[in-house]
Asks: 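Below is the structure I would like to discuss, written out as structure tokens.
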2 protein chains.
Amino acid sequence: MNVRDNLRRELKGSGHNMTTSRVLVCQKLADTGPVTMRELVESLGKEVDRATVYRIISLFEELGIVRRIPIGWKHKLELSDKFIHHHHHAHCLTCRNIITLPEDSQLELAVERTASSHHFKVTDHHIELHGYCSECQKKLS
Amino acid sequence: MNVRDNLRRELKGSGHNMTTSRVLVCQKLADTGPVTMRELVESLGKEVDRATVYRIISLFEELGIVRRIPIGWKHKLELSDKFIHHHHHAHCLTCRNIITLPEDSQLELAVERTASSHHFKVTDHHIELHGYCSECQKKLS
DNA sequence: CTACGTGCAAAGAGTTTGCAACCGA
DNA sequence: TCGGTTGCAAACTCTTTGCACGTAG
């Protein structure tokens, strides 16, 4: 299912309209991967007003369409597991790139086990690694 | 080793002074656990100026004395592993409490393994769980 | 047509900075 | 004493809000 149809389903399903602005924001997220709010607003230029972008992102968050991923002090936005496959991120301290770590059943299982040993029922989780990517390790050595 | 001595060591070791304000901020963090910047500034009232708190937290971050933990959109601040034992957090969606999950070697190992399978060298990591704590599960059922 | 959504502009938070005064070693 | 630190106030950036107009269904 493509991004547009997926978005339509999510919006309709919760009683919201499919608008030009919402499609534009969603499409931008699908095209560019993790972005900051600033980058998103700027990249949409005058196609979508700043306030509208904030309102759309706020709605998308409520509906679970986007998630915020913490990057040090800041956040970036990306489409949720409903649009792209579950994964985590590794941030390289040198080149600042974000490496995507595909789902790893061992890791997911370990999270599940830790939670249940504390009688905690997990609905969602974030894992964020900091360190050095393979490229930067080579350069540094 | 107590918090004050630990702080002195960290500051001296990096060529910074041990000042009243820095001790106050550090002590507050040690006493209260995870706090937002707003809470920290307010709780220090007029003992320490807002701008100074920001400068101190910024310094503490550089020195690895404090870490920021993501809580949904926001961040909270807490002393790093140098001051308190390594752990992760689970956030209850209902009662908003933060449950501390003590270090779990299985989980730590899984993180290490995922990283190394992508040739990523981890220096630090955050794991954040969202869901329902045992108390709230009882109430909801 | 009607309710929901958007653009604009202005207000409100949160964070940073310049500079003179202050304090710790 | 002297350089590192702090308080104050102002500047800046980020985010939210009110209201009139626009648009999807």
Side-chain angles (χ1 to χ4, degrees), chain A residues 3-29 34-63 65-77, chain B residues 3-29 34-63 65-77:
Chain A
V3 174
R4 197 189 172 95
D5 292 339
N6 209 335
L7 178 63
R8 170 168 282 115
R9 190 168 52 74
E10 295 295 329
L11 289 173
K12 294 294 173 179
S14 55
H16 293 87
N17 290 336
M18 179 86 164
T19 69
T20 313
S21 301
R22 287 173 182 166
V23 173
L24 280 170
V25 169
C26 186
Q27 195 60 57
K28 186 64 76 175
L29 289 169
V35 284
T36 61
M37 189 60 100
R38 166 191 273 275
E39 289 163 347
L40 186 60
V41 168
E42 284 178 358
S43 73
L44 288 165
K46 50 192 173 192
E47 294 182 272
V48 188
D49 185 77
R50 189 182 326 125
T52 302
V53 176
Y54 276 95
R55 284 188 277 230
I56 289 175
I57 289 299
S58 174
L59 173 67
F60 281 9
E61 259 218 312
E62 277 174 42
L63 302 182
I65 293 173
V66 304
R67 52 156 38 190
R68 288 180 179 248
I69 57 175
I71 306 204
W73 286 70
K74 311 287 184 175
H75 290 280
K76 290 203 175 189
L77 304 161
Chain B
V3 174
R4 198 191 171 92
D5 291 340
N6 209 335
L7 179 62
R8 170 169 282 115
R9 189 167 51 75
E10 294 295 329
L11 289 172
K12 295 295 173 180
S14 54
H16 295 87
N17 290 337
M18 179 85 163
T19 69
T20 313
S21 301
R22 286 171 183 168
V23 173
L24 281 170
V25 169
C26 186
Q27 196 61 57
K28 186 64 75 174
L29 288 169
V35 283
T36 60
M37 189 60 101
R38 166 191 271 275
E39 289 164 347
L40 186 60
V41 168
E42 283 178 359
S43 72
L44 288 165
K46 49 191 175 193
E47 295 181 272
V48 187
D49 185 76
R50 188 181 329 125
T52 302
V53 176
Y54 275 95
R55 284 189 277 231
I56 289 175
I57 290 299
S58 173
L59 174 68
F60 281 9
E61 260 218 312
E62 276 174 45
L63 301 182
I65 292 173
V66 304
R67 53 155 38 190
R68 290 182 174 242
I69 57 175
I71 307 205
W73 288 67
K74 312 286 186 177
H75 290 279
K76 289 202 174 191
L77 304 160

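Chain naming here is simple, since letters A, B, ... match the order of the sequence lines and numbering starts at 1 in each. Just so it is clear, the values below take in all heavy atoms, side chains as well, and ignore hydrogens, waters and symmetry mates. A quick note: this is a predicted structure, and the numbers were derived from the prediction, not measured.
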Asks: Just how far, in rounded Å, is P of dG22(D) from CZ of Arg22(A)?
Replies: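 It works out to 19 Å between those atoms.
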Asks: Without decimals, in angstroms, what is the distance between Leu7(A) CG and dA24(D) C1'?
Replies: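 In whole Å, dA24(D) C1' and Leu7(A) CG are 14 Å from each other.
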Asks: How many whole angstroms separate atom CD1 of Ile56(A) from atom C1' of dC4(C)?
Replies: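 My rounded result for the distance is 13 Å.
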Asks: Name each donor-acceptor pair under 3.5 Å that joins a side chain in residues 41-49 of chain A to protein atoms two or more places apart or in another chain, with its distance.
Replies:
unit_1   : atom_1 : unit_2   : atom_2 : d
Glu42(A) : OE2    : Arg38(A) : NH1    : 2.9
Ser43(A) : OG     : Glu39(A) : O      : 3.2
Ser43(A) : OG     : Leu40(A) : O      : 3.0
Asp49(A) : OD2    : Ala51(A) : N      : 2.9

Asks: Once rounded to the nearest 0.5 Å, what's the spacing between atom SG of Cys26(B) and atom CD1 of Ile65(B)?
Replies: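 So the SG of Cys26(B) and the CD1 of Ile65(B) are separated by 6.5 Å.
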Asks: For residues Phe60(B) and Arg22(B), report the shortest heavy-atom separation together with the two atoms involved.
Replies: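 Closest pair (atom of Phe60(B), atom of Arg22(B), distance): CZ-O, 3.8 Å.
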Asks: If I take atom CD from residue Gln27(A) and atom CG from residue Leu29(A), how far apart are they, to the nearest 0.5 angstrom?
Replies: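 Rounded to the nearest 0.5 Å, the CD-CG separation comes out at 9.5 Å.
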Asks: Kindly write out the residues that satisfy side-chain contact (heavy atoms from CB on, under 4.5 Å) with Glu61(A), not counting sequence neighbours, or none if the list is empty.
Replies: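 Checked Glu61(A) against side-chain contact (heavy atoms from CB on, under 4.5 Å); matches are Val66(A), Arg68(A), Trp73(B).
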Asks: Which value, rounded to the nearest 0.5 Å, describes the distance between His75(A) atom NE2 and Lys74(B) atom NZ?
Replies: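 Answer for the NE2-NZ pair, His75(A) versus Lys74(B), is 8.5 Å.
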Asks: Only pairs under 3.5 Å count here: list side-chain donor-acceptor contacts from residues 10-17 of chain A, not counting sequence neighbours, and write none if there are none.
Replies:
unit_1   : atom_1 : unit_2   : atom_2 : d
Ser14(A) : OG     : Glu10(A) : O      : 3.0
Ser14(A) : OG     : Leu11(A) : O      : 3.1
Ser14(A) : OG     : His16(A) : ND1    : 3.0
His16(A) : ND1    : Ser14(A) : O      : 3.0

Asks: Along nucleotides 15-25 of chain C, 5' to 3', which nucleotides get a B, which get an S, and which get a -, given that the test is a protein heavy-atom distance under 4.0 Å?
Replies: BBBB-----SS
Asks: Output the residues of residues 39-47 of chain A in contact with DNA chain C, where contact means a heavy atom of the residue under 4.0 Å from an atom of the strand; sort by number or write none.
Replies: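 DNA chain C contact set from residues 39-47 of chain A: Glu47(A).
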Asks: For the helix from dC1(C)-dG25(D) to dA25(C)-dT1(D), what angle lies between the axis at the first five pairs and the axis at the last five pairs, to 10 degrees?
Replies: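 Inter-axis angle at the ends, rounded: 50°.
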Asks: In this structure, which one of Met18(A), Lys28(A), Arg8(A) forms a side chain to side chain contact (heavy atoms under 4.5 Å, CB included) with Val23(A)?
Replies: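 Per the side chain to side chain contact (heavy atoms under 4.5 Å, CB included) rule, the option paired with Val23(A) is Met18(A), out of Met18(A), Lys28(A), Arg8(A).
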Asks: Between atom CG of Leu59(A) and atom OG1 of Thr52(A), what is the distance when rounded to the nearest 0.5 Å?
Replies: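 Answer rounded to 0.5 Å: 12.0 Å.
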Asks: Report the distance from atom NE2 of His75(A) to atom C1' of dT15(D), rounded to the nearest whole Å.
Replies: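 So the two atoms are 13 Å apart, to the nearest Å.
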Asks: Show your working on side-chain contact (heavy atoms from CB on, under 4.5 Å) between Val35(B) and Lys76(B) and close with a plain yes or no.
Replies: CA-CA 5 Å; Val35(B) 283; Lys76(B) 289 202 174 191; 5.7 Å; no
